[in-house]
Amino acid sequence: MIDELQCYVINLDRSKKRMSKFSEAFSGTNLKVERITAVDGNLINIKSFADDYLCRKEMGRSIQPGEVGCFLSHKKALESFLSTDSKYAIIFEDDAFPVDDFKATLESVIEKFLQNNKKTAAINLGALDFKYSSQVMPIKNNLLRCAHRFPMLATAVLWTRSGASRFLEHASSVTMPYDNFLRFLFSGTNSVFSIQPPIIYSSGIESDIEQRNATERRSTQNRSKFYFFIKQRRILRDKFRAIGGYSFWLFKKH
């Protein structure tokens with residue numbers, strides 16, 4: 001079933017050491033991983049790709065160059081995936097490293113779940129937050145969970161063609177950071193999942209793509225005076241959508 005899978009890693013041209021460490025970490029999996037040249041948000045005119053007004057409305061602050069670069073890099077990888085005939089794709093960030101039985105667990109996910117669940121959009125392979133999720137089935141030594149609220153962090157996401165298509169349909173302009181956008185797009189849909197415990201971890205090194213001025217916190221850059229209320233509104237909206245998804249999940253089970 002692995003032959004139905006494309007794998008991509010997002011990596012900046014200048015981040016050669018990160019790419020080397022990634023290749024070393026995945027050498028034992030025998031997976032063919034294609035490198036996608038990441039978009040450096042500091043080298044593009046972000047106004048051509050992002051809508052800062054909508055970002056301020058959603059996030060309570062301005063979008064940052066690194067966030068635009070990260071979003072566009074993932075978009076680029078998903079476009080590459082849909083240009084192939086493959087059914088599934090994993091988009092890795094270059095600080096990802098796999099657990100020992102990563103490949104075997106991945107094969108089980110595809111064979112036991114994905115092939116029989118055509119409405120699945122994506123599976124977060126590196127999720128650390130399992131709040132607002134429901135157990136679906138055991139996968140080897142892990143649990144597959146329906147993520148009623150899409151987990152933050154996108155170190156490794158397994159995509160289906162329908163999920164990638166849905167993302168691209170709504171991603172014409174960058175209006176928020178990538179992981180926030182995934183939560184916004186998929187929470188409450190019961191079409192996204194996660195693996196507990198995760199089968200991919202992050203090294204914890206700050207992404208080169210999202211590097212920002214160390215003297216100024218991202219959340220304070222062009223920050224609205226209503227930032228707190230905008231953030232709370234976003235959190236509550238995502239929670240209500242997750243609760244709605246969970247309620248529908250329970251209704252279907254009974």
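Values reported hereafter were calculated over all heavy atoms of this structure, with side chains retained and with hydrogens, waters and symmetry mates removed. Starting from 1, each residue takes its place in the sequence as its number.
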Can you name the ring-ring contact (aromatic ring centres under 6.0 Å, His included) partners of [X], sequence neighbours left out?
| X | result |
| --- | --- |
| His74 | Tyr178 |
| Phe193 | Phe113 |
| Tyr201 | none |

Please name all residues satisfying side-chain contact (heavy atoms from CB on, under 4.5 Å) with [X], sequence neighbours left out, ordered by chain then number.
| X | value |
| --- | --- |
| Ser23 | Met19 |
| Lys16 | none |
| Phe26 | Phe22, Thr29, Phe92, Ala96, Pro98, Phe102, Ile200 |

Donor-acceptor under 3.5 Å ([X] side chain, [Y] main chain):
| X | Y | result |
| --- | --- | --- |
| Ser27 | Glu24 | yes |
| Ser15 | Asn11 | no |
| Ser108 | Ile139 | no |

Any non-hydrogen side-chain atom of [X] less than 4.5 Å from a side-chain atom of [Y]?
| X | Y | value |
| --- | --- | --- |
| Val174 | Glu67 | no |
| Asn190 | His148 | yes |
| Ile90 | Leu106 | yes |
| Lys32 | Cys7 | no |
| Arg161 | Thr84 | yes |
| Leu5 | Leu158 | yes |
| Arg149 | Arg241 | no |
| Pro177 | Ile63 | yes |

Within a reach of under 6.0 Å around [atom1] of [X], are more than 12 heavy atoms found that belong to other residues, nucleotides or ligands?
| X | atom1 | answer |
| --- | --- | --- |
| Asp129 | CG | yes |
| Asp100 | CG | no |
| Lys225 | NZ | no |
| Lys231 | NZ | no |
| Lys76 | NZ | yes |

Next on the checklist: Applying ring pair (Phe, Tyr, Trp, His ring centres under 6.0 Å) to Phe181 and Phe150, what does each step give before you reach the verdict?
Outcome noted: CA-CA 10 Å; Phe181 183 73; Phe150 196 83; over 10 Å; no
Please check if [X] and [Y] belong to a single hydrophobic cluster, counting links between Ile, Leu, Val, Met, Phe, Trp and Tyr side chain heavy atoms closer than 4.5 Å.
| X | Y | value |
| --- | --- | --- |
| Leu168 | Val68 | yes |
| Ile36 | Leu82 | yes |
| Leu143 | Leu114 | no |

Gap between atom [atom2] of [Y] and atom [atom1] of [X] - 0.5 Å precision:
| X | Y | atom1 | atom2 | answer |
| --- | --- | --- | --- | --- |
| Met59 | Asn222 | CE | CG | 13.5 Å |
| Leu125 | Ile195 | CG | CD1 | 6.5 Å |
| Arg61 | Asp52 | CZ | CG | 9.5 Å |
| Asp179 | Thr155 | CG | OG1 | 9.5 Å |
| Met137 | Asn116 | CE | CG | 8.0 Å |
| Ser224 | Ile230 | OG | CD1 | 4.0 Å |

Next on the checklist: Using side-chain contact (heavy atoms from CB on, under 4.5 Å), reason through Phe130 and Gln135 one step at a time and then give a plain yes or no.
Outcome noted: CA-CA 10 Å; Phe130 302 100; Gln135 180 177 329; over 6 Å; no
Which residues, ordered by chain and number, are linked to [X] in its hydrophobic cluster, where ILVMFWY side chains connect at heavy-atom gaps below 4.5 Å, directly or through other members?
| X | value |
| --- | --- |
| Ile243 | Tyr132 |
| Met152 | none |
| Leu236 | Phe240 |

Side chains of [X] and [Y]: is there a donor and an acceptor less than 3.5 Å apart?
| X | Y | value |
| --- | --- | --- |
| Asn124 | Ser194 | no |
| Ser202 | Asp95 | yes |
| Thr175 | Ser173 | no |

Checklist entry - How far apart are the C-alpha atoms of Tyr8 and Leu78, what are their side-chain angles, what is the distance that settles it, and do they pass the side-chain contact (heavy atoms from CB on, under 4.5 Å) test? => result CA-CA 9 Å; Tyr8 302 94; Leu78 289 171; over 6 Å; no
For residues [X] and [Y], report the shortest heavy-atom separation together with the two atoms involved.
| X | Y | value |
| --- | --- | --- |
| Asn42 | Pro65 | OD1-CB, 3.6 Å |
| Trp249 | Ser134 | NE1-CB, 3.4 Å |
| Gly163 | Phe186 | O-CZ, 4.0 Å |
| Ser83 | Ser80 | OG-O, 2.5 Å |
| Ala25 | Phe97 | CB-CB, 4.0 Å |
| Ala77 | Ile91 | CB-CD1, 3.6 Å |

Partners of [X] by salt bridge (charged side-chain N to carboxylate O under 4.0 Å, His left out), sequence neighbours excluded?
| X | value |
| --- | --- |
| Arg237 | Glu58 |
| Lys87 | Glu4 |
| Asp13 | Arg35 |

Item to check | Phe184/Arg234 under side-chain contact (heavy atoms from CB on, under 4.5 Å): CA gap, chis, key distance, verdict | outcome: CA-CA 9 Å; Phe184 170 78; Arg234 182 176 74 250; over 6 Å; no
Checklist outcome for this item: From the list Asp101, Thr105, Ile199, side chain to side chain contact (heavy atoms under 4.5 Å, CB included) with Asn141 holds only for Asp101
Checklist entry - Can you list the steps and then say if Asn117 with Val136 is a side-chain contact (heavy atoms from CB on, under 4.5 Å)? => result CA-CA 12 Å; Asn117 292 269; Val136 177; over 6 Å; no
